[in-house]
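Throughout, protein chains are lettered first and strands after them, A, B, ... in sequence-line order, and every chain is numbered starting at 1. Please read these numbers as outputs of a predicted model, since none were measured by experiment.
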Amino acid sequence: MEKPLQFDVIASCSTTRARTRNTYHLGLRPGVELLKKAKGLHNFMGWKRALLTDSGGFQMVSLLHMAEINEQGVNFESPYDGTKSLLTPEKSIQIQNAIGADIIMQLDDVVPTTSKDNERMEEATYRTTRWLDRCLSAHERPNEQNIFPIVQGGLIEHLRKLSANLHLERKVNGYAIGGLSGGEAKEDFWKMVFLSTQMLPGDKPKYVMGVGFAVDLVICCALGADMFDCVFPTRTARFGCALTSSGQISLRHKKFRMDFGPIEKNCSCSTCKTYTRAYIHQIVTSEAVSCNLLSVHNLNYQMQLMKGIRESIKVNKFPEFVQQFMINMYPNKNYPQWCIDALQSLNKTLELKNLLRHKLKPIHFILESTMMYKQFWYPLLFMVMVLKNEIKV
Amino acid sequence: MEQALFSVVTDRHNGIPSTNGPRLGTLKHSNSQVDTPAFMFYTKCGSVPYISREVFEKILPDDQALFNFPLPTCLSFYQPLKEFNHGLNAFVGLEKYLSCCSITDCAVDNLQGYNKKDSVAVKTKSGNQLINYEKYMDIIEVFKPTMYVTLSISDINLDSSPSAIEKSVNITNRLFKSCLEQHHQSEILKQSCVIAPIQGGYNVQERIRSATFLSEYQNDVLGFLFDGFFTDGSIVEEIPSDLILPIVNKTMECLPYDKMKIIFGAWTPSLIIDFINSGVDIFDSSFPYITTERNSALIFDYSLKFKNEIIIMDIHHNKDEKTDSSNDYEICLTDTSNFEKFVPIKDSCTCLTCKKHTRSYIHHLLISNELLGSMLLTIHNLHYFNTFFKDIREVLKKK
Ligand SMILES: [Zn+2]
Ligand SMILES: [Zn+2]
């Protein structure tokens, strides 16, 4: 791994859909100016480890119906006070330079994954690369911050290949695979991930954006991905869901009313050591603290999962790990077809061992802010933060 | 296990017991000890709002603590607890700490006028429930708290009619006797202590009547609760001290010296000092909770001294801190003046929030509706309130 990238811990920033109003409320304040005065996001949050920020493009498009994209950038109207703004690739990098995260994302041209408009998809694929070049030349801190290009192309095979090929010509330290996890079929999802990871260099980290479920994560690792974000464990916690080795459970369900066991037996997290499912069931819809309890557990679950993957790779036992994981998750062996397909394709096209040999340690990083206090309780754990609130366009 | 025990350690009257006057005390229960004057931690549904057990231990790493569990917020635990069979503390993840069950949620607006005869209306998530003393004592047997307030009619405030006040005293006294009888018959409750709730609104005669009646049972109780002063917990700070203090003082004279005296509610720090000077031993953390709920942080500078047998508190006003939305005790973190303040809430504060985070960041979190903002504020406010009580005890220790 080339310098400035340090992959021990990475945190990231993103927005949450539930908080649009506040996001834009703040978005219109001088967020970047504030961060400059605060000497960057690390200082603002009191966070000493690595950070990752997103470009804001995805958030603009997915949160604002009035967003409109042209060659210049993303035009949008604030629902807060109606002012019009333009987020250009240059502006996005300028903001991310001010924030000072270790990994920053290029501004990409976002088209909904399931869009049937192939022409638009093709335009977006080329534009994303043009914007990448504008981002790279606008980058003022190349020795401290790494821009990741985003491989686009929707679900169209030749566009994916094209996008990856175009990006390969640029000098960067890692790649993101975007435009997925947007409601597409899992069949399409894994194929696009695999296509992208095969195209991209084996010695650079590959980040699949927006992946959530544990199964997706394990399969993506098998397919050659290295980094994931952690929106999912904290977001699902907010809905009262807990992740366990046998799948996700909703603690709102009344079957947990008399369940005096922990969320997961043998879990090392502080929630499982102290609280029962029955108690969390009682507070899950009413008390804010339930969010924290579930986030602590879910983050611990995801981190243990990643650790398990890393360790199995180290000792050359990743296939066994996947096997055991799948059996735990699907005790009746009713494995989803797409998982079977994905894993079988690995056997056909490549020796799994070969694929993994070049693999970097899978890195897990975390989006969102509910669990941020973790940073001073356990400095080694990942942390979470919302970035979009800082963006002023 | 034995029952909890309260004892007065020292008062300032050179050995001549007097109920009116500040004093140091201890509440002991097996290996736990809480020094008084102290406060109970206010809980909702079994947890300090925003704070898990893990975080709580960071706020009070070594200290013992006493938690108050208002019935309306945890009545729904009854069924699972009955099956669980290890009591409320274990269920909510707070074993090793002391607990108190009480009837009203003193930090919110409570029901008024829904009580029927000797049944008390409890407002829960799933609607109002009428609780009679038999049901109540059944609940207490299942909850197994260190101490509990007996069932009472306390929906009285400044506007209550004399007849409503009289009724609340009559019924509460009756319920007290019934609960006490049940208590003595219960094997399970041998480890739990009884707190007697004094009613009487703002009527001195009724207060004295209530206190005199309950004092006859002083050997059966751990302490007394000054109850029934308000129905809406969010406006307690506005109750004028000259209305409530004479009542508390007069009532105190009718109570046995060596028993614990409790008052719940978000009284201002200045009134808390007055109450301590009147002989009150235990409060609750409604005040820091309500402060957090309005996105504010306690920052008041104070000095305490002991003079003429009472504690005197001077509050130093800081001109720089005065904003429109703040009162003498706090600053509002959602106020835009904090937007660029890269300083801790309070320089001298040693809490986790102040050691690590700036006002600007907390402002940002609160404006963005992030739970972390309220969590950081709670950590600070509880720490500040706890320090305030430590300082009070220190002043009383210095002879
Ligand atoms: Zn756990
Ligand atoms: Zn503090």
What residue in B:Leu94, B:Val92, B:Thr358 has the most heavy-atom pairs under 4.5 Å with chain A?
->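 When all of B:Leu94, B:Val92, B:Thr358 are compared, B:Val92 has the most.
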Interatomic distance, [X] atom [atom1] to [Y] atom [atom2] [nearest 0.5 angstrom]:
| X | Y | atom1 | atom2 | result |
| --- | --- | --- | --- | --- |
| A:Ser295 | B:Leu372 | OG | CG | 11.0 Å |
| A:Leu294 | B:Ser52 | CG | OG | 11.5 Å |
| A:Glu287 | B:Thr43 | CD | OG1 | 9.0 Å |
| A:Lys273 | B:Arg53 | NZ | CZ | 11.5 Å |

Determine which pairs satisfy ring-ring contact (aromatic ring centres under 6.0 Å, His included) with at least one residue from residues 257-292 of chain A, sequence neighbours left out, and list them in order.
->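 For residues 257-292 of chain A: A:Phe260-B:Phe84, A:Tyr275-A:Tyr279, A:Tyr279-B:Phe77, A:Tyr279-B:Phe91.
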Atom NZ of B:Lys96: over 12 foreign heavy atoms under 6.0 Å =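 Enclosed: over 12 neighbouring heavy atoms sit under 6.0 Å from NZ of B:Lys96.
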Tell me, yes or no, whether the heavy-atom count around A:Arg252 atom CZ, taken from other residues, nucleotides or ligands under 6.0 Å, exceeds 12.
->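 Not more than 12 within 6.0 Å, no.
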With only heavy atoms counted, which part of B:Phe342 is less than 4.5 Å from chain A, the side chain, the backbone, both or neither?
->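 B:Phe342 touches chain A through side-chain heavy atoms alone.
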Which is it for B:Cys45 and A:Ser286 under the side-chain contact (heavy atoms from CB on, under 4.5 Å) test, yes or no, and what are the steps along the way?
-> CA-CA 8 Å; B:Cys45 297; A:Ser286 60; 4.0 Å; yes
Do A:Thr274 and B:Glu54 have a side chain donor and acceptor closer than 3.5 Å?
->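 No, B:Glu54 and A:Thr274 have no side-chain donor paired with an acceptor closer than 3.5 Å.
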Engaged part of A:Gln282 at the chain B interface, taking heavy atoms whose separation is under 4.5 Å =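 Its backbone and side chain both get close to chain B.
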